[in-house]
Amino acid sequence: MINVVIFGAPGSGKGTQSQLLIKKYGLTHVSTGDILRAEIKAGTELGKLADSYMSKGHLLPDEVVIEILDELIRRHSDAKGFIFDGFPRTLAQGAELDKMLSGNDTQISLVISLEVSDAELIDRLLKRGQISGRSDDNRETIESRLKVYYSQTSPLKEFYAKQGKLKIIEGVGTVEDIFKSIEKELDKEF
Ligand code: B4P
């Protein structure tokens, strides 16, 4: 099994690059953001809870997201591998993901960290906000998401660097050129 984490700040292109990765490598895409947005759309209890955090740019409690992931990994036990997009987002989620995967006799193969400046991230998300109607793509919430990223999520880089799994990729340029840099790293695993 090949398991890849696509890592980066909000707007760094995790979702965009994941779409290309699914096509080329046939891995199962796990986007916690997409799952939560689907719950919001469906008006479920989980969706209401998710909206109360996401619209402020905050992370959902670890135990809520971990439960979703745990169930999903069990349901896809026959997958060729996973692309984890937007998960883990805290050190606790990272440790839990390692446990879940080792329980299935597998592990994270590679962590791709997309590096993009704050100015570019803000610009991308404001542009997306104009068309997506996403409640978290407005300036105030974007600034809060960036703060949360630096305080709670970016420490995971050190966590994965220590495991020898972190690959830093320049996340600015055309979507195709960035994908080529990711492919170079992934092709070594297949
Ligand atoms: P996510 O859905 O994961 O969203 P994201 O980080 O904002 O976006 P991403 O990096 O995927 O950006 P994209 O490719 O779309 O999370 C949303 C919220 O859900 C979180 O804030 C949190 O509240 C909650 N949540 C999710 N997971 C959680 C977890 N594990 N624990 C707790 N809470 C959780 O790209 C953005 C834009 O840039 C797009 O418009 C795209 O077209 C553009 N773009 C992409 N690549 C480009 C390039 N190379 N050049 C120019 N533009 C580019």
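Throughout, residue positions are numbered sequentially from 1 according to the sequence presented. Each ligand, and each atom within it, is numbered from 1 in the order the structure gives.
- Classified by interplanar angle (parallel below 30°, tilted 30° to 60°, perpendicular above 60°), the ring pair Tyr149/Phe7 is tilted.
- With rounding to the nearest 0.5 Å, the separation of CD1 in Ile73 from CZ in Phe84 is 4.0 Å.
- Between Ser55 and Asp136, the side chains place no donor N or O within less than 3.5 Å of an acceptor N or O (distance only, hydrogens not considered).
- A salt bridge links Lys48 to Glu45: at least one charged side-chain nitrogen sits closer than 4.0 Å to a carboxylate oxygen.
- The main-chain N or O of Ser52 is found under 3.5 Å from a side-chain atom of Lys56 such that the two form a donor-acceptor pair.
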Worked verdict on Ile169 versus Glu115 for side chain to side chain contact (heavy atoms under 4.5 Å, CB included): CA-CA 6 Å; Ile169 300 279; Glu115 305 288 319; over 6 Å; no

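- A distance limit of 4.0 angstrom between heavy atoms and ligand 1 selects the residues Ala9, Pro10, Gly11, Ser12, Gly13, Lys14, Gly15, Thr16, Thr32, Gly33, Leu36, Arg37, Met54, His58, Leu59, Leu60, Val65, Gly86, Phe87, Arg89, Gln93, Arg124, Arg128, Arg134, Asp136, Arg145, Gly173, Val175, Ile178.
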